[in-house]
Each structure stands twice: as structure tokens, then as C-alpha cells.
Amino acid sequence: VQLQASGGGLVQAGDSLRLSCAASGRTFSSYAMGWFRQAPGKEREFVAGIRSDGGVTSYADSVKGRFTISRENAENIVYLQMNTLKPEDTAVYYCAARLYYIQVVAARYDHWGQGTQVTVSS
């Protein structure tokens with residue numbers, strides 16, 4: 001599966017953004033999807049994940065209550081709605097795919113999108 005992330009940008013603290021990740025291929029509904037982010041000088045970290053059928057989601061503690069992951073399997077797309085953004089959310093955001101179940105470890109994902117920059121000013 002090939003992934004294309006979009007929707008990043010420059011916003012102010014407290015604003016919202018919605019990231020999208022469009023997937024190619026007819027087996028999208030078999031893949032769990034994850035969003036990760038990487039800030040300069042830091043390791044890539046798990047942000048949110050959603051099971052292949054959309055029935056289970058998982059969030060990093062730092063984004064719980066502010067971010068929402070969702071997917072539309074008929075459209076081969078996954079979203080990350082980000083509300084009440086903070087400067088510490090500034091990073092390149094990546095979508096990733098692996099079969100069926102969510103994992104929080106980046107190395108366990110098999111397919112990656114190219115990343116989209118999110119910058120939150122204070």
C-alpha cells in the first residue's frame with residue numbers, strides 16, 4: 001500500500017488542523033493505520049492508531065482528548081483531527097500502515113507516507 005499524507009501547515013496555539021492520509025490499493029481495510037510525528041532532534045513517536053476495521057483507537061497521552069483518528073475504508077483514507085494545538089505539537093507528521101492491529105512502535109509498521117509539516121506558533 002502507498003500512502004500520501006497532507007494537511008499540515010502553520011497555525012497558532014489553540015487552532016485546529018486536520019491531516020489526511022490517502023492510501024492506494026484495494027486492501028486498505030486490512031491495515032491498521034498509525035500517525036507518528038518527529039520533531040527536530042527527537043525520535044519518531046506514536047501519536048494515534050486505528051485498527052483495520054476502525055473499531056479500536058489508541059492515543060499517546062500527550063494528545064489524548066485533543067486529537068481524534070478516524071478512517072473511511074470505502075475511500076481509502078485516514079484522518080487525524082488535531083484540536084487545541086500546542087507549540088510542542090510542532091513536528092513532521094507521518095502516516096503508517098501495518099496489517100490489522102495497532103502497534104505503538106514505529107519499526108512495526110511496514111508502509112510509510114512522506115510526512116507533512118505541522119508548525120504551531122505560540
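The OG atom of Ser24 sits 8.0 Å away from the CG atom of Asn76 when rounded to the nearest 0.5 Å. Atom SG of Cys95 sits about 9.0 Å away from atom CH2 of Trp112, to the nearest 0.5 Å. Atoms OG and CE, on Ser52 and Met33 in that order, are 11.0 Å from each other to the nearest 0.5 Å. To the nearest 0.5 Å, the span separating OG1 on Thr84 from CZ on Arg66 amounts to 7.0 Å.
Following chains of ILVMFWY side-chain contacts shorter than 4.5 Å, one can reach Phe46 starting from Val56, so the two form part of one hydrophobic cluster. Both Phe28 and Ile50 belong to a common hydrophobic cluster when Ile, Leu, Val, Met, Phe, Trp and Tyr are linked at side-chain heavy-atom distances under 4.5 angstrom. At a threshold of 4.5 Å between side-chain heavy atoms, the hydrophobic network of Ile, Leu, Val, Met, Phe, Trp and Tyr places Val92 and Ile69 in two separate groups.
The shortest heavy-atom contact between Leu3 and Cys21 is CB-SG, 3.9 Å. Residues Ala39 and Ala91 approach most closely at N-CB, 3.8 Å, considering heavy atoms. Minimum heavy-atom separation, Ala97 to Val1: CB-CG1, 4.0 Å. Taking all atoms of both residues into account, the shortest heavy-atom contact from Thr27 to Tyr31 is O-CD1, 3.1 Å. Scanning all heavy atoms of the two residues, the minimum distance from Ala5 to Thr116 falls at CB-CG2, 4.3 Å.
Salt bridge Lys86/Asp89: absent, no basic N to carboxylate O contact under 4.0 Å.
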message = The test is side chain to side chain contact (heavy atoms under 4.5 Å, CB included); show your working for Leu80 and Thr68 and say whether it passes.
response = CA-CA 6 Å; Leu80 184 68; Thr68 303; over 6 Å; no
key: side chain to side chain contact (heavy atoms under 4.5 Å, CB included) assessment of Arg37 paired with Glu45   = CA-CA 5 Å; Arg37 66 188 181 187; Glu45 64 173 356; 2.6 Å; yes
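Asn73 and Glu75 share no side-chain donor-acceptor pair at under 3.5 Å. A donor-acceptor contact closer than 3.5 angstrom links the side chains of Gln117 and Thr119.
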Please table the atom pairs, donor to acceptor, closer than 3.5 Å between any side-chain atom in residues 101-109 and protein atoms at least two apart or in another chain.
{"unit_1": "Gln103", "atom_1": "OE1", "unit_2": "Arg108", "atom_2": "NH1", "d": "3.1"}
{"unit_1": "Tyr109", "atom_1": "OH", "unit_2": "Gln103", "atom_2": "N", "d": "3.2"}
{"unit_1": "Tyr109", "atom_1": "OH", "unit_2": "Gln103", "atom_2": "O", "d": "2.6"}

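The neighbour count for Gln114 CD, taken as heavy atoms of other residues, nucleotides or ligands under 6.0 Å away, is above 12.
Ring centers of Phe36 and Tyr94: at least 6.0 Å apart, outside the cut-off. Between Trp35 and Phe67, the ring center distance fails the sub-6.0 Å criterion.
Sorted by first then second residue, the disulfide (SG to SG under 2.5 Å) pairs that include residues 33-66, not counting sequence neighbours, number zero.
In this structure, the side chains of Met82 and Ser16 stay at 4.5 Å or more apart for every pair of heavy atoms. Contact annotation: the side chain of Arg71 never approaches that of Ile77 to less than 4.5 Å [non-hydrogen atoms, C-beta and beyond]. A 4.5 Å side-chain heavy-atom check between Val120 and Asp15 finds every atom pair outside the cut-off.
Cation-pi contact between Arg18 and Tyr79: present, with separation from the ring centre below 6.0 Å and deviation from the ring axis of at most 45°.
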